Number of protein chains: 2
Amino acid sequence: MRQLEAFQTAGRNTVSSRDLGGALGLSDAQVRKDLGYFGQFGHPGVGYRVPELIDQLRRILGTDKKTNALLVGVGNLGRALLSYRGFAKRGFEVVAVFDNDAAKVGVEIPGVHPLRVQSLSEMPGTIQRHDIRVGILTVPAPAAQGVAEAMAAAGIRGILNFAPVTLRVGGAVHIATVDLAEHLEQLAFQSGGVASEPDLPLRE
Amino acid sequence: MRQLEAFQTAGRNTVSSRDLGGALGLSDAQVRKDLGYFGQFGHPGVGYRVPELIDQLRRILGTDKKTNALLVGVGNLGRALLSYRGFAKRGFEVVAVFDNDAAKVGVEIPGVHPLRVQSLSEMPGTIQRHDIRVGILTVPAPAAQGVAEAMAAAGIRGILNFAPVTLRVGGAVHIATVDLAEHLEQLAFQSGGVASEPDLPLRE
DNA sequence: CTATGTGAACAGCTTCACAGCG
DNA sequence: CGCTGTGAAGCTGTTCACATAG
């Protein structure tokens with residue numbers, strides 16, 4: 001989608017699977033197969049019509065509608081993400097924030113729409129009122145599992161977890177964990193540190 | 001590593017591949033295979049000795065030393081990440097920050113070690129002085145490709161990219177892109193929105 | 001008897017290659 | 001003739017299962 005929008009902005013009206021793949025570091029076949037799982041959008045001999053494909057994908061992915069989200073954990077990272085505009089740009093609005101810390105409950109978070117920090121007990125009602133499906137979890141690692149369970153019980157269907165732990169929640173709740181430090185560790189590992197040293201070889 | 005440390009804190013002295021896998025949502029065989037790529041650490045009939053395995057892995061992964069990092073792009077997300085303590089907890093210190101915007105260069109970023117925002121032209125020297133290998137990239141999407149190339153030219157070996165674009169840099173520079181909104185989109189897609197609607201079926 | 005390390009079997013994903021359509 | 005859609009082939013990564021060690 002991002003790449004298609006870039007092509008559209010550049011004034012391209014059609015794009016081939018080869019063009020798309022080239023821009024994304026994928027093979028042409030990969031692009032066609034992936035799109036093939038959702039339907040048939042291409043025009044043989046022509047390629048994909050950019051505005052048409054964008055419309056179809058937006059509808060399929062649900063990115064044609066705004067989505068309400070909540071955030072739990074108004075610590076450093078939580079406040080950080082609240083001031084980040086990238087979510088809004090892609091159609092997400094954080095409409096409620098929560099924290100377990102009594103000292104933080106009631107505090108106003110400034111922003112375009114200022115938000116009052118709520119206690120976890122208010123979550124079920126707030127979720128219903130705003131039809132919230134997904135939540136961002138930015139609590140300290142030791143609290144993450146418990147809070148995730150509370151979110152699941154309150155009706156959240158998807159959790160974007162920033163705590164460096166593996167969450168286990170039952171039911172139909174989807175989890176995506178983003179461990180920012182882990183990515184840095186991987187880069188540091190690959191990038192010259194140790195992998196290339198002669199006394200610490202990977203096998204094969 | 002995270003899970004091993006958790007086991008250690010819990011006072012466990014040995015752990016089997018089954019225990020480790022169970023806690024991480026992996027099979028026992030997967031755990032053994034993965035560890036097998038780095039060497040033989042286990043003790044048949046016993047499992048893995050927790051402190052021993054932690055030491056070995058820390059040395060192999062390079063997480064036994066502190067690593068200096070830089071950050072480019074002192075916008076919303078950049079400042080956010082600078083105030084996040086998760087990187088420091090895992091041995092990374094951001095020792096320099098850069099921005100292309102002349103209005104931001106020279107500004108002081110508060111923190112444990114306050115940092116003066118530098119211009120991109122100072123990057124090569126700063127990288128040498130502090131032996132910096134990895135960088136965090138938090139500039140707007142349209143600027144990301146150009147800045148990434150500048151970072152590569154200045155000697156950076158790994159880039160943690162938060163701009164929602166596919167970066168292409170030559171040479172031995174590793175790229176890890178984290179698109180925060182994309183993860184939310186995926187969760188929203190899986191979590192009831194559209195995937196379960198009858199008129200938008202996935203094939204198969 | 002327990003739990004590793006590892007070839008062998010298997011599964012899933014990627015690439016190939018080509019028929020068919022505009 | 002160009003480019004899609006898609007079975008078939010190829011490959012990578014996961015799981016199985018067992019010989020081996022404590």
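Everything quoted here is computed from the prediction, not taken from an experiment. Note: hydrogens, waters and symmetry copies are ignored here, and every other heavy atom, side chains too, is used.
With hydrogens and angles ignored, no donor-acceptor pair under 3.5 angstrom links the side chain of K33(B) to the base of dT14(D).
Protein atom NE2 of H43(A) is 19 Å distant from nucleotide atom P of dG2(D), rounded to whole Å. The nearest whole Å value for the distance from the CD atom in Q40(A) to the C1' atom in dG20(C) is 12 Å. One interatomic measurement links the two molecules: CZ of R18(B) to P of dG5(C), which rounds to 16 Å at whole-angstrom precision. A straight line from CD of Q30(A) to C1' of dC13(C) spans 8 Å, rounded to a whole angstrom. We find that CZ of F41(A) is positioned 13 Å from C1' of dT4(D), with the value rounded to whole Å.
Taking the charged nitrogens against the carboxylate oxygens, R90(B) and E185(A) do have a contact shorter than 4.0 Å, which makes a salt bridge. With salt bridges taken as basic N to acidic carboxylate O contacts below 4.0 Å, one links D28(B) and R32(B).
Of all nucleotides listed (dC3(D), dA8(D), dG5(D)), dG5(D) comes nearest to the side chain of Y48(A). Ranking dG5(C), dT15(C), dT6(C) by closeness to the A29(A) side chain, first place goes to dT15(C).
G45(A) comes within 4.0 angstrom of a nucleotide base, judged by non-hydrogen atoms across all strands.
Each of V46(B) and D34(A) was assigned the nucleotide of DNA chain C with the nearest heavy atom; the assignment lying further toward the 5' end belongs to V46(B). Each of R32(A) and V15(B) lies near DNA chain C, and the nucleotide nearest V15(B) is the one positioned closer to the 5' end.
The two residues P124(A) and S121(A) have their closest heavy-atom pair at CD-O, 3.5 Å.
Under a 3.5 Å cut-off, the side chain of R79(B) and the backbone N or O of V74(B) do form a donor-acceptor pair.
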